[in-house]
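Notes follow the structure.
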Amino acid sequence: MRIGITKFPGTNNELDIKRVLGSLGVKNELIYPDDVKKMDEMDALILAGGFSYGDYLRPGIIAVQTPIIENLQDYSNSERFVIGICNGFQMLCETSLLPGVLSTNTSTKFISKWVHIKTGITSSPLLKGMENRILKIPIAHFEGRYYDKDEEITKLANKNQIAFKYCRKDGDISLKENPNGSVVNIAGIVNRKGNVLGMMPHPERASFQYLGSEDGRIIFENLIGELKC
Amino acid sequence: MLVVYSGKAKDVTLLEDNKVRITFRDSISAFDGVKIEDLKEKGKINCRTSTILFELLNRYGFATHYLSNLNETEMICRKVEIRPVEIVCRNVTAGSFCKRYGVDKGIEFETPIIEFFLKDDVLHDPLVAKEIAIQLGWVTKEESALMESTTRAVNQVLSVIFERISLKLVDFKLEFGRTDGGELLIADEISADTMRLWEKETGEIKDKDRYRKDLGGVIEHYKDILQRLEEIESHPEIPIKSTAEITIELKKSVLDPAGEVTLRSLQRKGYQGVEEVRIGKSAKISFSLTPSPNLQEIIKEISDSILSNPLIENYTFDFSSGE
């Protein structure tokens with residue numbers, strides 16, 4: 001079993017993800033923008049966050065023009081798992097593998113802090129056993145405000161595609177605990193099939209007790225559990 | 001077969017497959033048809049001149065209605081609906097321009113001038129402002145941008161070509177037509193009837209002004225232009241450039257935090273009456289390509305798929321051509 005982690009100029013989270021996967025005993029490889037062949041050999045793919053191509057034009061949009069992301073539609077159609085974290089989530093929205101867009105935080109500030117998110121009820125194997133679970137997890141982004149038209153948000157909710165919402169420590173979901181202005185506090189979503197997950201918070205930065213939380217580790221454990229099946 | 005249009009110097013016959021046959025007659029007219037007569041061989045000369053110039057424009061990547069030459073006086077073209085506005089490009093002052101503004105003939109413009117005229121003999125083809133033509137629906141904004149940029153690029157090409165045969169391209173007019181599919185093409189004819197050409201060394205008039213001003217020798221001079229065009233053996237590299245300027249704005253319904261912050265700052269500074277600030281982006285893309293409907297489509301595709309996110313942003317673009 002091998003998991004690929006994408007590396008674009010300007011991304012900076014791939015080594016954190018590598019460390020988590022390594023600690024779980026899973027082989028993993030960095031996948032560079034032209035490495036379509038290697039990408040296709042991977043059993044799952046994680047799009048690491050950061051600032052691909054300097055976030056020029058719009059976060060993720062330049063990365064989306066590269067061979068590996070152009071190949072992502074076919075890759076995900078083959079039922080393999082794809083997780084996009086932060087800048088990776090922005091890429092997934094720009095490719096239309098996930099609906100919506102991540103726009104500038106309402107505060108117009110770059111936000112880097114610990115938040116709490118509540119797991120939704122989805123059919124995604126990546127979130128198995130996590131229903132309603134509250135995770136303590138950091139965010140670090142400038143464009144993290146999830147936006148889509150009202151009718152699309154309703155569809156997401158009806159189809160059980162809302163993976164995470166920002167919440168209070170006790171799990172209460174209120175606008176007050178919404179750090180960036182996301183529509184209905186959305187912090188992450190999954191596609192209809194449940195094999196593509198996009199999220200703004202960083203589970204790889206909450207995967208060891210010494211980092212202050214290991215709540216994010218379960219997402220990687222779930223992924224590996226699925227691949228072993 | 002059906003003659004769909006009979007003009008002052010040409011007939012247009014409808015053929016199958018959205019094609020037309022254009023027949024050049026020997027008649028010549030001026031002053032909106034007030035002065036009119038037949039000049040032997042004129043149809044033949046203008047058909048040949050138009051054929052050469054359209055083939056030249058096609059070779060340089062322009063979208064024109066010309067398909068092929070049929071015989072001495074006829075050519076086969078794509079069927080188009082002629083737009084009611086024609087474009088004049090001027091390198092040097094002459095003709096109606098001098099009369100309208102009371103200026104001398106022969107003043108060279110630093111940047112060629114583009115003018116829009118309404119095609120209407122009864123009104124004597126009046127000059128129209130682009131904004132009027134757009135608002136009255138004679139052309140769309142997109143068409144006007146393409147017409148203007150295409151005309152500038154045609155000027156660039158024709159000026160070089162005529163320079164090669166020692167002629168000065170003073171001004172010319174282009175007509176445009178729209179195909180059933182909505183493609184905007186250079187149409188009508190391009191000949192000594194539709195442009196002013198002066199002998200480079202002496203300034204001698206070689207074009208239709210000879211007829212308008214009763215200078216005589218119309219056919220001889222038309223023939224001379226044609227002969228020189230026929231003698232051109234190779235075609236020079238002409239660096240045609242097209243530029244698109246795309247402005248991207250957040251949709252009205254989408255919150256613009258940067259705009260809000262700027263608004264508050266302006267209000268705090270005490271600027272009166274500042275109501276709203278929206279911050280957008282703009283991109284300027286230069287192409288080493290001839291302006292064409294196809295290029296306009298490519299720019300739209302780039303704007304839709306990369307430069308803007310249609311979910312939250314709108315864009316507008318302007319299109320131009322220049323050296």
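Below, chain A is the first sequence line, B the second, and so on; all start at residue 1.
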As a quick check of understanding, evaluate side-chain contact (heavy atoms from CB on, under 4.5 Å) for B/Leu255 and A/Arg145, giving each step before the final call. CA-CA 10 Å; B/Leu255 183 74; A/Arg145 178 168 55 109; 3.6 Å; yes

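Within 6.0 Å of CG on A/Asp170 lie more than 12 heavy atoms contributed by other residues, nucleotides or ligands. Within 6.0 Å of NZ on A/Lys193 lie more than 12 heavy atoms contributed by other residues, nucleotides or ligands. For B/Lys251, the NZ atom counts as densely surrounded, since its 6.0 Å shell holds more than 12 non-hydrogen atoms of other residues, nucleotides or ligands. Other residues, nucleotides and ligands place no more than 12 heavy atoms under 6.0 Å from the CD atom of B/Glu301.
Only the side chain of B/Glu313 comes within less than 4.5 Å of a heavy atom of chain A; its backbone N, CA, C and O stay farther away. Only the side chain of A/Glu94 comes within contact range of chain B, judged by heavy atoms closer than 4.5 Å. Both the backbone and the side chain of B/Leu307 come within contact range of chain A, each with at least one heavy atom under 4.5 Å from a heavy atom of that chain. Both the backbone and the side chain of A/Leu57 come within contact range of chain B, judged by heavy atoms closer than 4.5 Å. With a threshold of 4.5 angstrom between heavy atoms, A/Thr106 approaches chain B through its backbone and through its side chain.
The heavy-atom pair separating A/Ile61 from B/Ile306 by the smallest distance is CG1-O, 3.5 Å. Nearest heavy atom pair, residue B/Pro257 against residue A/Thr104, reads CG-O, 3.8 Å.
With a 4.5 Å cut-off on side-chain heavy atoms, A/Lys149 and B/Leu311 count as touching.
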